[in-house]
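Below, chain A is the first sequence line, B the second, and so on; all start at residue 1.
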Amino acid sequence: MPELPEVETTLRGIFPKANKQTIKQLIIRNSSLRWPVETNLTKVLAGLVIQNITRRAKYLLLQTEKGHIIIHLGMSGVLRILAHGTAVKKHDHIDLVLENGYLLRYNDPRRFGCFLWTDQPIAEHKLLNNLAPEPLTDDFNADYLFIKCQSRKLPIKTLLMENKSVVGVGNIYANEVLFATSISPIRPANKISQQETKLLCQNIKKILTRAIEQGGTTLKDFLSPDGSPGYFVQQLAVYDKKNQPCPNCGTQIIKIIQAQRASFYCPDCQQ
DNA sequence: ATGCGGACCTGTTAGC
DNA sequence: TGCTAACAGGTCCGCA
């Protein structure tokens, strides 16, 4: 479900109620996420203070005085801030109960997400130490992207979705960014020109930024922590638009499968 | 090192 | 209407 804008929306939603709060209790109803949630975390976390909450790629990092909680929402995860005593629903796997009367509740039907603890320096964690630069910082720029593309023959769409090259861009935004840049998803990465990587880089930043401003993209069930949906879906040009007219030229959008993921593009505008 | 396919899950929708 | 198959926003891992 969530790409970077949805995770950023989640961060902004939980921050005001969860940051600087003391953890009263951790409740694990179902520990079987992507990796098992360690049951001894209930002891480790009790009494710790959430000193800061940040995002790295699509990971949410809750910093405490003894280490970090690493949360990923996978395909279908949702984090919400709720009052103590709020009734539990299906797939409400974890509660982080806070001392201010609220709790952070993790719901994830498909259980592709994770809830991990580490006391190692966070940047060195195995899941984080090989990630591309944050796309909305200056470290992610045209020169960086060009060098990454130069040495690779895989389709550009696939490169945009691998976390060692680009983070935060999932299937929806990979399709949208390539449309905005008039590049076919099947073009080999090493056939992208320097000028095109510049435009690609600009469009990644532009589209992610705009999506964040709209509160993310709600396709089926994404809700921000306050329960509101995202509105970026209204601005999608090609994603899930098979057989619909291209907004530029009217040609029918086609759907193909790349790396087992659906790609949508205009065969006329995108070469 | 690269690139591909499988794996992990449940819920919803498309198609017969 | 009902059953079945396909598909869904992610990404790690193992293999060639």
Checklist entry - Can K157(A) and N171(A) be said to form a side chain to side chain donor-acceptor pair (under 3.5 Å), step by step? => result CA-CA 9 Å; K157(A) 157 85 165 11; N171(A) 204 32; 2.8 Å; yes

Checklist entry - Considering only the P atoms, how many Å lie between dT4(C) and dC9(B), rounded to the nearest integer? => result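 About 22 Å, rounded to a whole number of Å.
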
Checklist entry - Can you tell me how far C1' in dG3(B) sits from the matching atom in dG9(C), rounded to whole Å? => result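 Nearest-Å result for dG3(B) against dG9(C) at atom C1': 23 Å.
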
Next on the checklist: Is it the case that the side chains of T158(A) and Q258(A) hold a donor-acceptor pair, with the cut-off being a distance below 3.5 Å and no angle test?
Outcome noted: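 Checked: Q258(A)/T158(A) side chains show no N/O donor-acceptor pair below 3.5 Å.
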
Distance check: side-chain N/O of [X] vs OP1/OP2 of [N], anything under 4.0 Å?
X	N	answer
K126(A)	dC13(C)	yes
H91(A)	dC9(B)	no
K164(A)	dT2(B)	yes
R110(A)	dA8(C)	no
Y59(A)	dT11(C)	no
K153(A)	dG3(B)	no
H72(A)	dT11(C)	yes

Next on the checklist: Does A259(A) reach a base, just sugar-phosphate, or nothing at all? Heavy atoms under 4.0 Å.
Outcome noted: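 Answer is nothing: A259(A) stays at 4.0 Å or more from every strand.
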
Within this structure, what is the [atom1]-to-[atom2] distance between [X] and [N], rounded to whole angstrom?
X	N	atom1	atom2	value
N175(A)	dG10(C)	CG	C1'	15 Å
Q258(A)	dG3(B)	CD	C1'	13 Å
D92(A)	dT10(B)	CG	P	16 Å
Q260(A)	dA8(C)	CD	C1'	14 Å
M161(A)	dT11(C)	CE	C1'	9 Å
R111(A)	dT11(C)	CZ	C1'	17 Å
K90(A)	dT12(B)	NZ	C1'	13 Å
L4(A)	dG10(C)	CG	C1'	13 Å

Item to check | Any donor-acceptor N/O pair, R210(A) side chain to Q214(A) backbone, under 3.5 Å | outcome: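 Not confirmed, R210(A) side chain does not pair with Q214(A) backbone.
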
Next on the checklist: Less than 6.0 angstrom separating the ring centers of F232(A) and Y173(A), yes or no?
Outcome noted: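 Yes.
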
What nucleotide among [options] has an atom nearest to a side-chain atom of [X]?
X	options	value
K58(A)	dC12(C), dT2(B), dG10(C)	dG10(C)
N171(A)	dG11(B), dG5(B), dG9(C)	dG9(C)
R261(A)	dA8(C), dG9(C), dG3(B)	dG9(C)

Checklist entry - Is E3(A) side chain donor-acceptor paired with the dG10(C) base, going by distance under 3.5 Å alone? => result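 Donor-acceptor pair under 3.5 Å: no.
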
Item to check | Check: dT11(C) base within 3.5 Å donor-acceptor of R34(A) side chain | outcome: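 Pair found.
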
Checklist entry - Can you tell me if NZ on K205(A) sees more than 12 non-hydrogen neighbours from other groups inside 6.0 Å? => result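 Yes, NZ of K205(A) has more than 12 neighbouring heavy atoms, counting only those of other groups under 6.0 Å.
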
Item to check | Counter-base of dG2(C), judged by Watson-Crick or G-U geometry with both distances under 3.5 Å | outcome: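 Paired with dG2(C), as far as the under-3.5 Å criterion goes, is dC16(B).
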
Checklist entry - Taking a pair as Watson-Crick or G-U wobble with both distances under 3.5 Å, which nucleotide is matched to dG5(B)? => result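 Because both required distances fall under 3.5 Å, dG5(B) counts as paired with dC13(C).
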
Checklist entry - Is there a salt bridge (Lys or Arg N to Asp or Glu O under 4.0 Å) between E3(A) and K58(A) once you walk through the steps? => result CA-CA 7 Å; E3(A) 301 189 35; K58(A) 296 174 190 166; 5.1 Å; no

Checklist entry - Is F112(A) stacked on the base of dC8(B), with ring centres under 5.5 Å apart and planes under 30° apart? => result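 Base of dC8(B): stacked against F112(A).
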
